[in-house]
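Chain letters run A, B, ... following the sequence lines, proteins first, then strands; residues in each count from 1.
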Amino acid sequence: MPYLTFPKSPLGAIVDVSLLPSSRKAAVRAGSPTLQAATFRMLIDSGADRTGVDASIIAPWGLRRSSFYLSGGINGGPPSQVDVYDLSLSIMGMGGAGLFYKFDPQPIGERKGSPFNGLPFDGVIGRDVLDKGLFVYDGYHSHCVLAF
Amino acid sequence: MKATANGSAMDRDVEAYRQVLPQLAQHEGKYVLIKSAEVRALHETYDAAMEAGYAKYGDAEFLVKEVRQADGPLLEALRQTCHT
């Protein structure tokens, strides 16, 4: 089981990622222009049910959503619809070490309203991804271990 | 099962899901494939439904959704919010 060890930042466990449409989505788009991968950082958030990224990352690709889920509706607030896209999520090694692990396909929700504005990450990796592996936070050494 | 609604193709598909949800009560947890506001198939997994959608419709619009009866009230509330 390959694993990735990295220091926890002051704002949590943050990893470099690369995002693209899933390979099966790319296959049905054969003949269309090749899309450029988006590279950014994501927070590993074991409190989040689902993985999601800022809408501005997905929008330039002009993809159609594949699914949706409903969020909110708690504490009297109105529910909201979160569109889901069929993507490929690559978690990169630390310090430009290349690919650590790829999830292809991976359904990923589109977070609207710039929820990560001002933060050093543009999305969260939730339990839908973490459920496939092991995530350990070593608080004493302020390190994290991720294994799939 | 065919539903009718206005809006974009995907909005129609979401509305179709809302309308047929009560009829899918015995399929809780399965994944429904909706195309052009019509339920086309039910699958055991998200990936199976997506593969079937790509195989049949290519890059055209279709919707895959886990059947969750709990979505009913939320979709109704969302619908009311959109209409006010």
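Side-chain polar atoms of A:Tyr69 and B:Asp71 form no donor-acceptor pair below 3.5 angstrom. Side chains of B:Tyr46 and A:Ser66: a donor-acceptor N/O pair is present below 3.5 angstrom, by distance only.
With a 4.5 angstrom heavy-atom cutoff, B:Ala55 does not touch chain A via any of its atoms. B:Ile34 does not touch chain A: none of its heavy atoms, backbone or side chain, sits under 4.5 Å away.
The heavy-atom pair separating B:Leu78 from A:Ser80 by the smallest distance is CD1-CA, 4.1 Å.
Classification of A:Arg24 and B:Asp59 as a salt-bridged pair fails, no side-chain N sitting under 4.0 Å from a carboxylate O.
A cation-pi arrangement is present between B:Lys65 and A:Phe68 under the rule of less than 6.0 angstrom and at most 45 degrees off the ring axis.
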Using the rule given for salt bridge (Lys or Arg N to Asp or Glu O under 4.0 Å), can you reason through A:Arg65 versus B:Asp11, listing the C-alpha separation, both sets of side-chain angles and the distance that settles it, and then say yes or no?
CA-CA 11 Å; A:Arg65 63 183 169 184; B:Asp11 291 338; 3.5 Å; yes
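In terms of hydrophobic clustering, with Ile, Leu, Val, Met, Phe, Trp and Tyr side chains grouped at heavy-atom distances under 4.5 Å, A:Ile14 and A:Tyr101 are assigned to different clusters. Under the 4.5 Å side-chain heavy-atom criterion for ILVMFWY residues, a single connected hydrophobic cluster contains both B:Tyr17 and B:Val39. If you chain together hydrophobic residues whose side chains sit under 4.5 Å apart, A:Val124 and A:Tyr137 never meet in one group. Note on A:Phe121: it does not cluster hydrophobically with A:Ile125, by side-chain heavy-atom contacts below 4.5 Å among ILVMFWY residues. Note: the hydrophobic cluster containing A:Phe116 does not contain A:Ile58 (ILVMFWY, side chain heavy atoms under 4.5 Å, direct or indirect links).
For the pair B:Tyr57 and A:Val28, the minimum side-chain heavy-atom distance is 4.5 Å or more.
The neighbour count for A:Lys102 NZ, taken as heavy atoms of other residues, nucleotides or ligands under 6.0 Å away, does not exceed 12. Within 6.0 Å of atom NZ in B:Lys56, 12 or fewer heavy atoms from other residues, nucleotides or ligands are found, so the atom counts as exposed in its surroundings.
Atoms CG and CG, from B:Leu63 and A:Asp83 in turn, are 9.5 Å apart once rounded to the nearest 0.5 Å. Between B:Met50 atom CE and A:Ser67 atom OG the span is 8.0 Å, to the nearest 0.5 Å.
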Name each donor-acceptor pair under 3.5 Å that joins a side chain in residues 31-47 of chain A to protein atoms two or more places apart or in another chain, with its distance.
residue: A:Ser32; atom: OG; partner: A:Arg29; partner atom: O; Å: 3.0
residue: A:Arg41; atom: NE; partner: A:Asp16; partner atom: OD1; Å: 3.0
residue: A:Asp45; atom: OD1; partner: A:Gly47; partner atom: N; Å: 2.9

